[in-house]
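Read the structure below first, then the notes.
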Amino acid sequence: MSVKTLKPYEFPARDARANFPHPLLFLGWEDHLLFCSPVAMPMPSDMLFGDLVEKVLPGVYGMHPDFSKIDWDHVQWFKSGQQWMPDPAKSLEANGLGHKAVIRFRTSGLTGIGGSCS
């Protein structure tokens with residue numbers, strides 16, 4: 001989908017990589033409607049993906065009762081809408097996650113307020 005402007009668009013985008021201390025990463029937890037959209041966070045490119053899971057995600061989603069039940073070995077990951085298998089021992093950059101990348105994860109059997117939380 002393209003955008004048609006009425007006049008020339010002649011100013012720099014405010015969400016350009018240069019305007020952030022680290023590349024933005026959008027993180028979303030599928031089927032958990034307590035979180036209405038992915039969370040945007042500046043993440044260092046050299047951070048290991050495994051550290052993102054172990055050190056960042058608990059601070060973002062840990063208050064949800066399903067979070068402690070996640071079997072991380074069976075999580076389905078999606079990058080820009082496509083199923084994807086990240087390497088936890090590699091950096092975010094080495095996993096192909098650049099500025100404004102979108103990743104989502106699905107936790108089979110855990111469907112938040114839609115099913116598993118009571």
Side-chain angles (χ1 to χ4, degrees):
M1 172 192 237
S2 63
V3 175
K4 184 174 182 177
T5 62
L6 299 177
K7 296 181 181 181
Y9 186 87
E10 296 179 3
F11 52 91
R14 304 235 19 223
D15 62 352
R17 166 66 187 97
N19 295 332
F20 295 89
H22 299 291
L24 287 182
L25 180 62
F26 291 84
L27 305 161
W29 188 2
E30 294 288 298
D31 303 322
H32 284 72
L33 301 177
L34 181 63
F35 310 101
C36 65
S37 63
V39 177
M41 300 184 71
M43 292 283 121
S45 297
D46 60 353
M47 174 182 272
L48 298 180
F49 191 87
D51 287 343
L52 174 79
V53 172
E54 293 175 16
K55 298 175 182 176
V56 175
L57 292 183
V60 177
Y61 295 114
M63 83 280 286
H64 194 289
D66 275 353
F67 191 81
S68 63
K69 301 173 191 173
I70 296 173
D71 179 353
W72 290 102
D73 292 331
H74 293 95
V75 166
Q76 292 177 302
W77 291 96
F78 300 88
K79 180 170 73 169
S80 299
Q82 302 297 314
Q83 195 158 356
W84 165 70
M85 181 59 72
D87 183 337
K90 290 185 177 178
S91 70
L92 300 178
E93 183 176 42
N95 271 292
L97 300 173
H99 184 57
K100 299 197 308 182
V102 178
I103 60 171
R104 300 180 74 89
F105 62 99
R106 179 172 287 131
T107 51
S108 184
L110 302 176
T111 53
I113 62 174
S116 64
C117 282
S118 49

- Query: salt bridge (Lys or Arg N to Asp or Glu O under 4.0 Å) with D51: which residues, sequence neighbours excluded?
  - Reply: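 So D51 forms a salt bridge (Lys or Arg N to Asp or Glu O under 4.0 Å) with K55.
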Is [Y] reachable from [X] through a run of hydrophobic residues whose side-chain heavy atoms are each under 4.5 Å from the next?
| X | Y | answer |
| --- | --- | --- |
| F26 | V53 | no |
| W29 | F78 | no |
| I70 | M85 | no |
| W84 | L57 | yes |
| V39 | V102 | no |

In the structure I gave you, are the side-chain heavy atoms of [X] and [Y] within less than 4.5 Å of one another anywhere?
| X | Y | value |
| --- | --- | --- |
| F49 | L92 | yes |
| I103 | L97 | yes |
| S108 | Q76 | no |
| L25 | L52 | yes |

- What pair of heavy atoms forms the shortest contact from P88 to P86, and how long is it?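 Minimum heavy-atom contact is CD-O, 3.5 Å.
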- Message: A quick test of your reading: do over 12 heavy atoms of other residues, nucleotides or ligands sit less than 6.0 Å from CD of Q83?
- Response: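 Yes, CD of Q83 has more than 12 neighbouring heavy atoms, counting only those of other groups under 6.0 Å.
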- Item | Under the ring-ring contact (aromatic ring centres under 6.0 Å, His included) test, residues paired with W72 that sit two or more places apart | F67, F105
- Query: In chain order, what residues pass the ring-ring contact (aromatic ring centres under 6.0 Å, His included) check against F20, with sequence neighbours excluded?
  - Reply: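 With sequence neighbours excluded, F20 shows a ring-ring contact (aromatic ring centres under 6.0 Å, His included) to H99, given in chain and number order.
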- Message: Show every side-chain hydrogen bond (donor to acceptor under 3.5 Å, both in side chains) that has at least one partner inside residues 37-46, sequence neighbours left out.
- Response: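 Counting only pairs at least two positions apart or across chains, no side-chain hydrogen bond (donor to acceptor under 3.5 Å, both in side chains) contact touches residues 37-46.
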Going by side-chain contact (heavy atoms from CB on, under 4.5 Å), name the residues that satisfy it together with [X], two or more places apart in sequence or in a different chain.
| X | value |
| --- | --- |
| D71 | D73, H74 |
| P42 | P21, H22, L24 |
| E10 | P8 |

- Query: When you look at E54 and L48, which way does the side chain to side chain contact (heavy atoms under 4.5 Å, CB included) test go after all the steps?
  - Reply: CA-CA 10 Å; E54 293 175 16; L48 298 180; over 6 Å; no
- Item | Sequence neighbours excluded, every pair satisfying salt bridge (charged side-chain N to carboxylate O under 4.0 Å, His left out) that has a member inside residues 75-93 |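 Applying salt bridge (charged side-chain N to carboxylate O under 4.0 Å, His left out) to every pair that reaches into residues 75-93, excluding sequence neighbours, yields nothing.
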- Item | salt bridge (charged side-chain N to carboxylate O under 4.0 Å, His left out) contacts in which one or both residues fall within residues 94-111, not counting sequence neighbours | D15-K100, E30-R104, E30-R106, D31-R106
- Task: Please lay out, stage by stage, how Y61 and T107 fare under the test side chain to side chain contact (heavy atoms under 4.5 Å, CB included).
- Result: CA-CA 13 Å; Y61 295 114; T107 51; over 6 Å; no
